[in-house]
2 protein chains.
Amino acid sequence: MNSTGRPATLADVAKRAGVSVATASFVLSGRGGARSSGSPETKAKVRGAAEELGYVPNRNARSLRTGRSGGIVLALGTVEDPWGLSLAGAVRDRALPEDLSTLILGDERWFEFLSGSAFDCSFVTSVDVTPEGPEQVRHLARGQGGIVAFSERIQPERFDVISSSAQPAVHAAYRRLRARHDSVAFMTGRAIDPERRPYYPSRAHAFLDAASEAGDAPGDDLVHASGTDRQQSFEYSQRWLEGPDRPTAVICSTGYLALALQVAAMHAGISVPDDLEIISIGDVPSDAQMLGPISYYGVQDVFARMADIIVGRALDREGSPGRLHRFDWEFFPGGTTVDGADGA
Amino acid sequence: MNSTGRPATLADVAKRAGVSVATASFVLSGRGGARSSGSPETKAKVRGAAEELGYVPNRNARSLRTGRSGGIVLALGTVEDPWGLSLAGAVRDRALPEDLSTLILGDERWFEFLSGSAFDCSFVTSVDVTPEGPEQVRHLARGQGGIVAFSERIQPERFDVISSSAQPAVHAAYRRLRARHDSVAFMTGRAIDPERRPYYPSRAHAFLDAASEAGDAPGDDLVHASGTDRQQSFEYSQRWLEGPDRPTAVICSTGYLALALQVAAMHAGISVPDDLEIISIGDVPSDAQMLGPISYYGVQDVFARMADIIVGRALDREGSPGRLHRFDWEFFPGGTTVDGADGA
DNA sequence: CTGTTAGCGCTTTCAG
DNA sequence: CTGAAAGCGCTAACAG
């Protein structure tokens with residue numbers, strides 16, 4: 001490994017090996033290990049020179065030329081959400097053997113960032129939170145890399161779409177708990193904000209629909225906004241459980257809320273599931289659970305399936321016209337409900 | 001926004017605006033908004049054409065030319081660690097106003113990935129886990145972008161180094177608790193593995209040193225490996241707290257272990273801090289705490305300080321010879337120790 | 001103030 | 001089987 005000056009270029013390697021740039025390129029990047037790559041002797045010389053110089057191909061130049069970058073980028077909107085991290089882990093595990101790097105975009109300006117780049121595949125989650133989301137995705141699809149969009153309101157075109165609505169799950173959870181309780185409450189992080197409302201019905205909306213569909217009263221007071229961080233949720237849960245309108249059945253809009261509620265119940269001496277049943281919409285990462293599994297609605301093998309789609313797109317050069325992948329939610333019974341594994 | 005064909009190139013824009021490529025480039029990328037950019041009329045034409053065509057510069061081409069990419073990449077080694085995510089959040093907040101994107105590299109092949117690329121700044125955490133780490137960092141530093149390395153065994157050269165050893169903190173924590181207890185235990189995730197040992201002393205090693213320095217017995221049995229995920233840690237804590245050698249003072253090697261222990265203590269009816277004192281090495285993200293603040297040793301404003309260094313490097317074109325940033329750990333009293341805010 | 005020109009480092013025909 | 005040359009899209013000198 002040479003230790004002076006700027007990084008070695010292919011031309012440097014070629015010169016040192018006494019061959020032309022083209023040959024060097026052929027040996028190093030073309031099917032080097034496989035068939036028909038050059039005379040064994042030349043190969044050795046080139047390889048040796050590259051090694052000595054610590055040569056490493058400039059990815060910008062290569063991408064510029066080929067239109068591919070050897071990378072997958074996950075535009076998750078936010079980095080704080082553990083859901084995205086689980087996905088990232090699954091993608092990484094599948095991408096690594098294919099020699100694809102996995103990157104997470106940490107900010108929310110996915111459109112600006114992705115427009116300029118040429119990744120093998122870009123995955124976009126926050127299509128549905130702005131009005132222009134779908135249009136932007138279509139625009140990106142004109143570029144070179146593959147696109148996978150996580151959305152409930154866009155049709156596949158030259159990109160794949162993963163559609164995974166929690167709405168049926170919320171309805172099912174409501175029916176399931178309502179069958180055993182006079183009243184079912186809903187716990188969410190942030191109150192419904194009519195201003196910055198996403199362009200699809202939120203889980204809280206689904207809950208309200210489910211309640212009125214079941215013939216229950218307006219139910220606005222059944223929606224509890226507990227705050228976004230865990231301490232807030234925990235303290236809210238404590239007050240709630242020790243207050244006058246203590247619930248006996250709660251649907252939590254995320255796994256972490258369910259976790260906070262579960263711990264608060266233990267703290268308050270309330271027995272779960274006997275005196276309080278909890279269902280989470282979306283699973284709780286197993287390594288975050290402390291008091292045993294929480295009953296939840298979720299998608300079987302979500303991360304593995306999504307990772308397959310994303311990596312598949314990345315590997316698919318010039319391909320498929322775009323598929324719609326619809327994910328269905330099922331009930332996974334845990335220790336926070338009384339029921340066994342029978343369906344909704 | 002044009003909706004057909006491949007992405008518009010600068011040449012397309014120039015042609016449509018009736019100017020040359022150079023002029024278009026000048027207007028669009030050179031100090032467009034600021035002074036001396038071209039005649040108002042041309043500017044308008046070019047801007048208009050770009051708008052109509054939905055032009056967006058190809059970042060690969062630009063980077064190839066300029067050697068800068070408009071991005072910061074954080075090579076965290078793993079995505080699962082919340083520490084890295086907090087850092088990512090802090091970096092993103094500072095980078096966004098400067099028009100820098102923040103990326104997280106999701107896999108552990110940082111060297112391979114970074115060698116090929118030209119980011120404005122790369123941050124590498126796992127320098128100390130392999131023997132060749134430092135050499136690789138030096139090699140990267142020959143490239144175009146800035147580098148910030150998180151390491152306790154490398155000297156700054158043409159890159160910055162952040163050195164933040166937990167060792168003194170472990171010693172201080174030991175002394176602090178030992179002053180009030182006959183025996184102080186240590187809780188860690190993974191047992192000390194002499195095989196794949198990192199190339200620096202681990203926190204568990206520091207604990208053993210601290211014990212023998214205080215004149216205490218070997219203490220190997222004071223090190224408790226509780227497993228890596230939270231459920232395991234929680235269950236381990238439960239067994240431990242309800243078993244025969246129940247501790248009265250514990251140092252936890254990470255914040256999440258302290259959290260599990262705290263919850264387990266509550267569960268077992270053990271009063272914290274009266275019957276059990278807990279000190280965490282490293283802080284617990286505030287949004288993960290449920291039972292109130294945990295006493296810990298940590299670095300004041302770690303994430304903000306690190307983010308400043310990283311973004312600073314990214315903005316610093318052709319610059320500083322490399323600085324060593326040494327981070328000192330302090331005690332932050334919370335609800336899991338009996339002491340107030342007095343020093344160690 | 002705008003246009004011409006020369007590359008950045010790489011891959012890829014196309015000849016030899 | 002190897003070399004010469006073109007060009008990906010963009011920017012930065014230098015002319016005009």
Side-chain angles (χ1 to χ4, degrees), chain A residues 5-32 34-46 49-50 53-70 115-118 142-145 317, chain B residues 5-32 34-46 49-50 53-70 115-118 142-145 317:
Chain A
R6 23 164 271 294
T9 143
L10 188 56
D12 298 335
V13 175
K15 189 183 300 174
R16 176 153 189 148
V19 299
S20 80
V21 214
T23 308
S25 168
F26 195 45
V27 170
L28 293 173
S29 63
R31 301 262 140 279
R35 66 191 68 188
S36 78
S37 42
S39 84
E41 196 182 323
T42 328
K43 281 205 311 207
K45 271 193 308 188
V46 173
L53 293 165
Y55 169 74
V56 50
N58 178 315
R59 197 172 295 109
N60 283 319
R62 175 177 290 184
S63 305
L64 178 57
R65 193 60 234 257
T66 60
R68 296 256 158 193
S69 70
S115 325
S117 331
R142 299 201 289 129
Q144 25 224 357
R317 346 227 107 211
Chain B
R6 27 163 266 297
T9 146
L10 188 56
D12 298 336
V13 176
K15 190 182 299 172
R16 176 154 188 149
V19 300
S20 80
V21 212
T23 308
S25 168
F26 195 47
V27 170
L28 293 172
S29 63
R31 303 260 139 281
R35 67 191 66 188
S36 79
S37 43
S39 86
E41 196 181 324
T42 330
K43 280 203 316 205
K45 270 193 309 190
V46 174
L53 292 163
Y55 168 75
V56 50
N58 177 315
R59 196 173 297 108
N60 283 320
R62 176 178 291 187
S63 304
L64 178 58
R65 192 62 238 254
T66 62
R68 295 259 158 190
S69 71
S115 336
S117 331
R142 301 202 287 130
Q144 25 224 357
R317 345 227 109 212

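Chain naming here is simple, since letters A, B, ... match the order of the sequence lines and numbering starts at 1 in each.
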(message) Nearest 0.5 angstrom please: Thr9(A) OG1 to Lys15(A) NZ, how far?
(response) 9.0 Å

(message) My understanding is that only one of Val27(B), Val19(B), Leu53(B) makes a side chain to side chain contact (heavy atoms under 4.5 Å, CB included) with Val13(B); could you say which?
(response) Leu53(B)

(message) Between Ser63(B) (side chain only) and Arg59(B) (backbone N and O only), is there a donor and an acceptor less than 3.5 Å apart?
(response) yes

(request) Spell out protein contact along nucleotides 9-16 of chain D as letters: B when the base is contacted, S when just the sugar-phosphate is, - when no protein heavy atom is under 4.0 Å; keep the 5' to 3' order. (result) BBBB----

(message) Is it the case that the side chain of Ser25(B) and the backbone of Val21(B) share a donor-acceptor pair, with hydrogens and angles ignored and the cut-off at 3.5 Å?
(response) no

(message) dT2(D), OP1 or OP2 - any side-chain N/O from Thr42(A) closer than 4.0 Å?
(response) yes

(message) Rounding to an integer number of Å, can you tell me how far Asp12(B) CG sits from dC8(D) C1'?
(response) 13 Å

(request) Run through Asn60(B), Leu64(B), Thr66(B) and flag the one making a side chain to side chain contact (heavy atoms under 4.5 Å, CB included) with Arg62(B). (result) Thr66(B)

